Each structure stands twice: as C-alpha cells, then as structure tokens.
2 protein chains.
Amino acid sequence: MTSGKSPGNRMGRGGPDNLHDMPRKQEIMAAAAKVFARKGFKGATTSEIAREAGVAEGTIFRYFKTKKDLLVDVAGSLAVETLKGIMSEMSAKSDEESLKSLIYNRLELIRPNLDLVKVMFYEAQFHPEVRQMIFGRVIFEAAQMLSEYFEARVKMGIFRDVDPFAAVRSLVGAVFTYIMFDSVLKTANPAWEDSDPQEARDRRNVDLIVDIFLNGVRATREVPGGLPGKPDAGGI
Amino acid sequence: MTSGKSPGNRMGRGGPDNLHDMPRKQEIMAAAAKVFARKGFKGATTSEIAREAGVAEGTIFRYFKTKKDLLVDVAGSLAVETLKGIMSEMSAKSDEESLKSLIYNRLELIRPNLDLVKVMFYEAQFHPEVRQMIFGRVIFEAAQMLSEYFEARVKMGIFRDVDPFAAVRSLVGAVFTYIMFDSVLKTANPAWEDSDPQEARDRRNVDLIVDIFLNGVRATREVPGGLPGKPDAGGI
DNA sequence: GGCTTAGATGAGTGAGTACTCACTTATTAT
DNA sequence: ATAATAAGTGAGTACTCACTCATCTAAGCC
C-alpha cells in the first residue's frame with residue numbers, strides 16, 4: 001500500500017482516532033463539497049475528489065452509486081446546515097434588531113460556502129432532486145417562516161397589508177444580491193478588502209437594506225427624517 | 001454532400017437570401033447560445049452546437065479557436081443586447097412610472113434569455129473574460145446609470161441621502177430574485193401558469209417591489225396610508 | 001472551360017472520464 | 001491461529017469530447 005486508509009477500520013468506538021473521527025462517507029462528502037465549489041459539478045472529477053478525501057477512486061463508488069448521487073447528498077447536507085437554527089432568532093427585540101441579527105447570522109453561515117451555494121443553485125436547473133433540496137426545502141421553509149412573521153406584523157397594524165411572500169422576497173433578494181455582488185467584486189479585486197474590511201461592509205450594507213425595507217413596509221414612518229451615519233439631505 | 005451549406009457562399013450582397021442572410025459566424029453564435037442555455041457550458045458539446053447551426057463540427061473551429069472563445073463571444077453579444085436602449089427610458093414621468101416601465105422593459109428583454117443569463121452568471125465564476133463582460137460591462141454600466149438617477153433625486157431632496165449604489169442594488173436585487181424565483185417555480189410546476197398569467201404576475205410583483213423601494217427611500221411619504229389594490233390594515 | 005482559392009466537411013485522434021472488478025488488507029468471531 | 005467478513009484499492013474499460021487535417025466543393029475570374 002502506497003497511501004490511503006486501512007480497510008475494516010471502524011475505529012473502535014472508544015478513543016477518538018485523533019484527527020479522523022469522521023466516518024468515511026462524511027469525509028468523501030466534505031471533499032466533494034470542496035471540489036464542487038472550486039470546479040463546479042461537471043468540472044469536478046471523481047479522481048480529484050478521491051485525492052482530496054485521501055481515498056482511492058473506487059472507494060467513492062462504495063458509498064455513492066454515481067457522481068450525481070454524491071451531488072444530491074452534498075446538496076442535502078448543505079440544505080440542512082443552512083437551515084439549522086434559523087428559528088432561534090427573532091426574539092423580543094425590535095423589528096430592526098431582529099431582522100439585522102437574523103441576516104448577520106445567515107450571512108456568516110453562507111459566506112464560507114458561497115461558491116458551493118452558487119453551484120447548487122446552478123445545478124438545480126438541471127437536476128430536479130437538487131432543485132427539491134434547495135428550493136423545496138431551504139428556500140420554501142425560510143420564506144414560510146419570514147412570511148408568517150410579516151403577516152403577524154400586518155395584523156398588528158405595524159406593516160402595510162401587502163402580499164407577505166412577495167414583500168419578504170424583496171428583502172431576501174436584496175441581501176442575496178449583495179452577497180453575490182460582493183463576492184464577485186472581491187474575486188475581481190482581492191486587494192481592496194483591506195481598505196474596507198468584510199465585517200464593517202456587511203454591517204453598513206445590511207443596515208441600509210433593512211432600513212429601506214422597513215421604511216418601505218411600515219404603516220407609519222418611525223423617524224421622519226433620515227438615517228444615522230449620513231446627514232439628512234439638504235434642501236426642501 | 002448529405003446536408004449542410006455550400007462553401008464559398010458569400011451570398012451576393014443583393015437580394016436577401018430568404019431565411020439565411022445571417023453570416024455564418026452569427027448563425028453559430030445563435031446556435032451556441034441555444035445549446036448553452038439548455039445544457040450549460042460544459043454540458044454543451046460542439047457536435048450539438050454544429051447540428052443546431054446546421055454546419056459541420058469543423059466549421060465551428062474556423063470561426064472560433066476554442067469552445068471557450070465561443071462562450072466569451074456569446075457572452076459579449078448578450079451583454080450588448082441587454083444594455084441596448086437602457087438609456088432611452090426615464091423620461092419626464094413620475095419616479096414610480098419611470099422605474100416601473102424601466103423594469104418592465106428589462107424583464108421582457110431578459111426573460112427569453114433567462115437560462116442563458118444564468119449560465120453566464122455561473123460561468124463568470126470560472127472565466128475572468130466572461131466576468132469582465134457580464135459584470136464589468138453590463139452590470140457596472142446599469143448600476144452607474146441608476147446611481148446617477150438616484151443621486152440627482154437626493155440632491156433635489158426627494159430621496160434620502162444614503163449610499164446610491166447600495167440603494168439601487170437593493171432594488172435591482174429584489175427584481176432579479178423575483179425573476180429567478182419565478183422561473184424556478186415555473187419549472188417545478190408548469191401547469192400553474194394558467195391560473196396566473198405571466199404578465200399580470202409581473203405587473204403585480206414589480207409594482208410592489210417599486211412601491212416598497214420608493215417608500216423606503218423617499219424623504220417624505222407621499223400617501224401616508226396604504227397602497228392601492230389592497231385595503232389598509234385595520235387596527236391602530 | 002479551366003484555374004485558383006476560400007470555405008466547408010466529417011472521419012480520425014488523443015486526452016480524458018465515470019465507473020467496474022478482481023484482488024489485497026485489516027477486523028472480528030470462533 | 002483460522003476462517004469469515006467487511007472495507008479499500010487502482011489498473012482497466014468503454015466511452016465521450018474538443019479539436020485537427022486531408023479532402024472536397026463551389027464561387028470568382030480570365
């Protein structure tokens with residue numbers, strides 16, 4: 001044996017095998033996720049995935065019937081990951097605070113997987129199973145939850161009585177586009193990161209998005225003037 | 001010769017050759033656009049593109065050094081197409097009307113090419129040349145133009161003094177996400193189109209997006225109550 | 001008509017690719 | 001120890017695909 005892992009190694013249940021306690025299937029999925037993110041689904045080769053996972057190519061096919069099955073499983077695990085703990089936000093804080101912190105959290109969760117997310121959205125176009133995972137599961141659930149929040153506010157007379165799903169999509173869309181855009185700008189010009197660090201940029205942009213959204217959607221305006229940070233417009 | 005076009009056929013400048021006046025290069029690009037939209041870049045084969053264009057596979061490589069060159073050229077032509085006439089909108093009408101009609105038009109322009117647009121956005125991740133075409137050219141120019149419009153309104157005291165680029169992105173993002181979402185829903189459930197035809201759905205959703213955006217961004221609220229179509233919320 | 005030449009062709013080529021399978025190696029049970 | 005089993009391996013297989021090139025076709029010119 002030149003390299004690789006030993007067979008039959010169910011790593012005796014007790015002491016953590018130090019650095020490789022992840023069952024083989026998980027290791028392969030993690031490796032696949034990395035390679036998919038780098039190269040896309042079609043661009044990824046099973047041989048590269050195997051190398052990344054530190055196993056032989058044949059091993060992949062013990063755990064996944066086809067490369068596509070591997071894609072679907074990775075999509076599923078990403079879906080679960082992304083949805084995890086989304087209900088735990090939205091506490092007693094103000095609308096502004098709740099929304100902002102909800103968005104900050106999702107941002108931090110998604111950003112490390114952004115390339116993979118893009119690949120999954122794209123592949124959803126071609127593979128119904130992936131579409132089901134990403135849209136049927138994650139997006140639909142998230143939209144549902146936010147819509148309910150919105151609807152409750154409408155009943156309380158805080159928000160205007162408009163289609164909750166469409167309204168919420170407008171907010172999510174703004175955030176989504178911000179991340180995508182930001183990632184492209186960063187790719188095109190990595191240096192520029194220093195002058196305006198990620199976190200500050202996120203805060204600034206999310207704040208503005210939430211601010212516009214809430215102002216656009218509230219039945220009455222809270223602060224009639226402007227917004228902190230920038231001075232009010234001059235004239236009139 | 002079993003099929004195909006004749007060589008040397010520069011089709012004598014005069015009478016339109018009825019149904020095939022497009023120079024060969026354009027024909028190939030049009031065919032490639034179709035196949036890319038259906039299968040993605042990697043999924044498309046040069047043989048299928050040749051079949052679609054009604055030429056031999058070898059002919060493609062007379063006009064494009066590589067398949068990737070073909071992708072870049074198609075991206076370029078899509079970029080030009082999408083940007084065409086974008087300045088001609090924004091007349092003397094109200095903000096609401098200008099924005100709505102601007103968005104309607106872009107929607108009609110993009111929708112037939114939506115699958116291709118998705119492919120290009122995706123491939124931008126992997127090919128800097130495509131990224132340059134799509135983001136550097138189209139998106140940047142469009143954003144620039146909208147930002148200027150926004151900034152002018154700020155100076156007039158109509159809009160609040162916030163970062164114009166970020167604000168505009170929030171509007172564009174909402175629209176963009178609406179189209180993408182709509183296309184996925186349609187793919188997943190094509191039947192549902194009948195009960196709510198495209199145009200009506202577009203109008204409804206765009207109106208709401210613009211309405212939320214303008215309310216969120218205006219220095220003063222125009223109509224303090226609600227919005228036409230749906231009644232005001234009850235309480236308070 | 002004969003000559004030249006740009007354009008078009010499609011079988012062929014070589015570099016991959018996803019997936020298989022006969023075999024090796026370790027673990028567990030007896 | 002020994003047998004039985006499970007896990008892992010990687011060279012091999014059948015196939016696909018972007019790209020090439022020797023050959024063919026027809027238009028333009030005299």
Side-chain angles (χ1 to χ4, degrees), chain A residues 1-15 17 20-29 31-32 35-36 38-74 123 126-127, chain B residues 1-15 17 20-29 31-32 35-36 38-74 123 126-127:
Chain A
M1 196 201 306
T2 52
S3 76
K5 328 226 161 174
S6 355
N9 173 22
R10 290 284 78 209
M11 35 188 99
R13 198 53 51 89
D17 176 26
H20 278 308
D21 207 355
M22 216 185 343
R24 192 93 344 155
K25 197 171 177 178
Q26 306 285 320
E27 287 180 341
I28 293 172
M29 282 172 62
V35 181
F36 287 157
R38 277 204 299 268
K39 305 280 186 76
F41 175 62
K42 287 234 161 183
T45 68
T46 50
S47 103
E48 186 174 356
I49 294 171
R51 207 180 323 131
E52 178 82 40
V55 300
E57 204 173 344
T59 306
I60 292 177
F61 294 95
R62 298 209 141 263
Y63 293 94
F64 304 91
K65 236 169 71 68
T66 65
K67 186 185 165 191
K68 180 176 166 174
D69 281 8
L70 182 49
L71 173 76
V72 174
D73 272 26
V74 170
E123 293 303 332
F126 304 111
H127 310 285
Chain B
M1 194 203 307
T2 51
S3 75
K5 328 226 160 172
S6 359
N9 172 21
R10 290 285 80 207
M11 40 190 90
R13 196 53 52 89
D17 176 27
H20 277 309
D21 206 357
M22 216 183 345
R24 192 90 349 147
K25 196 170 178 179
Q26 305 286 318
E27 287 181 340
I28 293 172
M29 281 172 62
V35 181
F36 286 159
R38 279 204 298 268
K39 305 279 186 76
F41 175 62
K42 287 236 160 182
T45 66
T46 49
S47 103
E48 187 173 356
I49 293 170
R51 208 179 322 131
E52 178 82 40
V55 300
E57 205 173 344
T59 305
I60 293 177
F61 294 94
R62 299 211 140 262
Y63 293 94
F64 304 92
K65 236 169 72 68
T66 65
K67 184 184 165 193
K68 181 176 165 174
D69 281 8
L70 182 49
L71 173 76
V72 173
D73 273 25
V74 170
E123 293 303 333
F126 305 112
H127 310 285

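Just so you know, these numbers use all the heavy atoms, side chains as well, and skip hydrogens, waters and symmetry mates. Just so we're clear, the structure is a prediction, and the values are computed from it rather than from any experiment.
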Are the side chain of A:K67 and the backbone N or O of A:F41 linked by a donor-acceptor pair below 3.5 Å?
yes

By nearest atom, which of the nucleotides [options] is closest to the [X] side chain?
{"X": "A:R62", "options": "C:dC19, D:dA7, D:dG10", "answer": "D:dA7"}
{"X": "B:T66", "options": "C:dA18, C:dT9, D:dC19", "answer": "D:dC19"}
{"X": "B:F61", "options": "C:dG10, D:dT20, C:dT20", "answer": "D:dT20"}
{"X": "B:A56", "options": "D:dG8, C:dG10, C:dC19", "answer": "C:dG10"}

Under the side-chain hydrogen bond (donor to acceptor under 3.5 Å, both in side chains) criterion, do A:E57 and A:T46 qualify, and how do the steps go?
CA-CA 7 Å; A:E57 204 173 344; A:T46 50; 2.7 Å; yes

In residues 42-50 of chain A, which residues come under 4.0 Å of DNA chain C by heavy atom?
A:A44, A:T45, A:T46

In Å and rounded to the nearest 0.5 Å, what is the CD1 to CZ distance from A:I49 to A:F36?
4.5 Å

Please round to the nearest 0.5 Å and tell me the distance separating atom CD of B:E27 and atom OH of B:Y63.
9.0 Å

D:dG8 OP1/OP2 closer than 4.0 Å to side-chain N/O of A:Y63:
yes

Any side-chain N or O of A:R24 under 4.0 Å from OP1/OP2 of D:dG8?
yes

Just how far, in rounded Å, is [atom2] of [N] from [atom1] of [X]?
{"X": "A:E57", "N": "D:dA11", "atom1": "CD", "atom2": "C1'", "result": "11 Å"}
{"X": "B:I60", "N": "D:dC19", "atom1": "CD1", "atom2": "C1'", "result": "11 Å"}
{"X": "A:R51", "N": "C:dA18", "atom1": "CZ", "atom2": "P", "result": "12 Å"}
{"X": "B:L70", "N": "D:dC17", "atom1": "CG", "atom2": "P", "result": "16 Å"}
{"X": "B:F64", "N": "C:dA8", "atom1": "CZ", "atom2": "P", "result": "12 Å"}

Side-chain touch A:D69/A:V72, heavy atoms, less than 4.5 angstrom:
no

With heavy-atom distances below 4.5 Å as the criterion, would you say the side chains of A:D73 and A:M29 are in contact?
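Yes, at least one pair of side-chain atoms sits under 4.5 Å.
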
Regarding A:E48 and A:R51, does a basic nitrogen lie under 4.0 Å from an acidic carboxylate oxygen?
no

